[in-house]
Amino acid sequence: MSIVFYYAPMSNASRVHASLAELGVKHETVQYDLQKGEHKNPEFLALNPNAKVPTVVIDGTPVFESVAIQLALGERYGVEKGVWPEAGTPERLKATTWLVWGQVSLMGTMFKYISNTADYVPAALHSAPQAEQAMKDIHDLLGILEGHLAKNAYLAGERFTLADLDLVGCMQWAIYMCKLDMAVYPKTAAWVANVSARPSMKTEG
Ligand SMILES: N[C@@H](CCC(=O)N[C@@H](CS)C(=O)NCC(=O)O)C(=O)O
């Protein structure tokens, strides 16, 4: 069993780094400086033609897209470690649902807001109406998350899973970038604080 983890610090790869720490999985690491374009080398492009981190090679097979990597790590190592529900259970379906919801629906909408407001995007590409609509959509989605966490301690029910780790990793960045007042969402704020306190979340690859 071998894992090679391609990453850059302070990037989408950080959530996968936290999962590897949570699981205690032995792995090799390859660090790239994205600013210097180190990831655009032919060997890495052969593994991931998108030239993006995170990328993980599991027993010789490249896996890219952080959600696909989290699912692969969860299935392979997480069940045994008690941080990914067993196949065929309602909890597995819930963990998968919320993992994908977090990345596709919530983060997709947050990214829409950020790309219409952030300093790193040229101002000519900003659209105030798009940003306003995205912020309304973010509040609708956070209301859904708040409602879920009012009835469940974690995304998949009563137990922590890698879905919580993944979405909280995103939320930490999004709360800052979208300047969200989390006092309006007390259950979500408490869940973010709880999951952020895990030792695996303190590691930075
Ligand atoms: N949807 C991808 C996004 C990956 C991504 O955008 N990674 C960025 C770092 S945060 C990257 O590698 N950028 C390098 C580049 O675009 O050249 C995932 O979730 O894995």
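Bear in mind the structure is a predicted one, so any value in this text is a computation, not a measurement. Each ligand, and each atom within it, is numbered from 1 in the order the structure gives.
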Q.
Taking ring pair (Phe, Tyr, Trp, His ring centres under 6.0 Å) as the criterion, tell me which of Phe64, Tyr6, Tyr7 meets it with Phe44.
A.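 Checked Phe64, Tyr6, Tyr7 against Phe44; only one passes ring pair (Phe, Tyr, Trp, His ring centres under 6.0 Å): Tyr6.
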(Q) On a heavy-atom basis, which atom in Leu141 and which in Ser105 lie closest, and how many Å separate them? (A)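 Closest pair (atom of Leu141, atom of Ser105, distance): CD1-O, 3.6 Å.
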Q.
Please determine whether the number of non-hydrogen atoms from other residues, nucleotides or ligands lying under 6.0 Å from atom CD of Glu38 exceeds 12.
A.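 Yes.
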Q: Give a yes or no on whether the backbone of Gln70 and the side-chain of Arg15 come within a donor-acceptor separation of less than 3.5 Å.
A: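 No; zero donor-acceptor contacts below 3.5 Å.
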For ligand 1, list all ligand N or O to protein N or O distances below 3.5 Å, rounded to 0.1 Å.
{"residue": "ligand 1", "atom": "1 (N)", "partner": "Glu65", "partner atom": "OE1", "Å": "2.7"}
{"residue": "ligand 1", "atom": "7 (N)", "partner": "Val53", "partner atom": "O", "Å": "2.8"}
{"residue": "ligand 1", "atom": "12 (O)", "partner": "Val53", "partner atom": "N", "Å": "2.8"}
{"residue": "ligand 1", "atom": "16 (O)", "partner": "Lys52", "partner atom": "NZ", "Å": "2.6"}
{"residue": "ligand 1", "atom": "17 (O)", "partner": "His39", "partner atom": "NE2", "Å": "2.7"}
{"residue": "ligand 1", "atom": "19 (O)", "partner": "Ser66", "partner atom": "N", "Å": "3.4"}
{"residue": "ligand 1", "atom": "19 (O)", "partner": "Ser66", "partner atom": "OG", "Å": "2.6"}
{"residue": "ligand 1", "atom": "20 (O)", "partner": "Ser66", "partner atom": "N", "Å": "2.9"}

Q) Would you call Glu22-Arg198 a salt bridge at under 4.0 Å N-O? A)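 Looking at Arg198 together with Glu22, the answer is yes, because their closest N to O distance falls below 4.0 Å.
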Q. Do Asn41 and Tyr32 have side-chain N/O donor and acceptor atoms under 3.5 Å apart?
A.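 Their side chains do contain a donor-acceptor pair, which is all the 3.5 Å distance test asks for.
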